Amino acid sequence: MFAIAPLLTTPSGAQQLSDRAKQIGGKFMCMCGCNQVLTQCNHVGCTVSASMLKELNQSLDRGGSEDAITQMFVQEFGTKVYAEPPKSGFSLVAWAMPSVYLAFGTVLVVFVISRWRKRPVAADRSAGSVPQIPPELLERARAQAARETED
């Protein structure tokens, strides 16, 4: 019984997060350097995520809005605290560029393929035939090959 009791109780450092705190915390990165979302940081003994979650809970308990909490974290950690860039201002470029690159790449591929298909086929070549080599050039090449292979 005493061996199971520690497993059933919550550790003293762990906090119960409300659904709203989990939702808001999921929009931020943990600043310990793990590159994980704040609510999913799994470093053993990570004090950064614990303090950030505590600050988030306290702000929610005081009745802070999501925008106020976001501004508080941005002022403290900078814009690198965002898990995804905001969809406004210059950060909108980060959202738009993949679509622009996809469209540009598609147009480029279609253009290149259409150019390949419109390329003229040589009139003197029939399918599968070897181009004609002038007889004097062929004779000169044979003579040179014979000279170079003599012992």
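Because the structure is predicted, anything quoted here is derived from the model rather than measured.
Shown here for Val37 and Gly25, the closest heavy-atom pair between the two residues is CG1-O, 3.9 Å. Between Ala83 and Gly26, the closest heavy-atom pair is CB-O, 3.9 Å. The shortest heavy-atom contact between Arg20 and Gly64 is NH1-O, 3.9 Å. The two residues Asn57 and Ala21 come nearest to each other via the heavy atoms OD1-CB, 3.6 Å.
Note that CD1 of Ile24 and OG1 of Thr39 are 11.5 Å apart. Values are rounded to the nearest 0.5 Å. Here the CE-CZ distance, from Met29 to Phe73, works out to 13.5 Å after rounding to the nearest 0.5 Å. Taken to the nearest 0.5 Å, the NZ atom of Lys22 stands 12.0 Å off from the CG atom of Leu56. Residue Gln132 holds its CD atom at 12.5 Å from CG of Leu137, rounded to the nearest 0.5 Å. One finds the CG atom of Leu60 at 10.5 Å from the CD atom of Gln58 (value rounded to the nearest 0.5 Å). Annotation: the span from Glu66 atom CD to Ser59 atom OG amounts to 12.5 Å, rounded to 0.5 Å.
Between Arg117 and Ser114, the side chains place no donor N or O within less than 3.5 Å of an acceptor N or O (distance only, hydrogens not considered).
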**OP:** Report the C-alpha distance between Cys32 and Cys41 in whole Å, list the side-chain angles of each, state the deciding distance to 0.1 Å, and finish with yes or no for side-chain contact (heavy atoms from CB on, under 4.5 Å).
**Re:** CA-CA 9 Å; Cys32 70; Cys41 179; 4.0 Å; yes
**OP:** Might you work through the side-chain contact (heavy atoms from CB on, under 4.5 Å) test for Met52 and Val81, ending with a clear yes or no?
**Re:** CA-CA 11 Å; Met52 287 177 76; Val81 77; 4.0 Å; yes
**OP:** Would you sort out whether Glu55 and Glu76 count as a side-chain contact (heavy atoms from CB on, under 4.5 Å), showing the intermediate values?
**Re:** CA-CA 11 Å; Glu55 198 172 335; Glu76 187 173 344; 3.0 Å; yes
**OP:** Give the intermediate values and the outcome of side-chain contact (heavy atoms from CB on, under 4.5 Å) for residues Gln144 and Arg147.
**Re:** CA-CA 5 Å; Gln144 183 180 356; Arg147 281 191 311 269; 3.7 Å; yes
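Tyr101 and Val93 fall within the same hydrophobic cluster, defined by Ile, Leu, Val, Met, Phe, Trp and Tyr side-chain heavy atoms under 4.5 Å apart, directly or through other members.
For the pair Thr70 and Lys27, the minimum side-chain heavy-atom distance is 4.5 Å or more.
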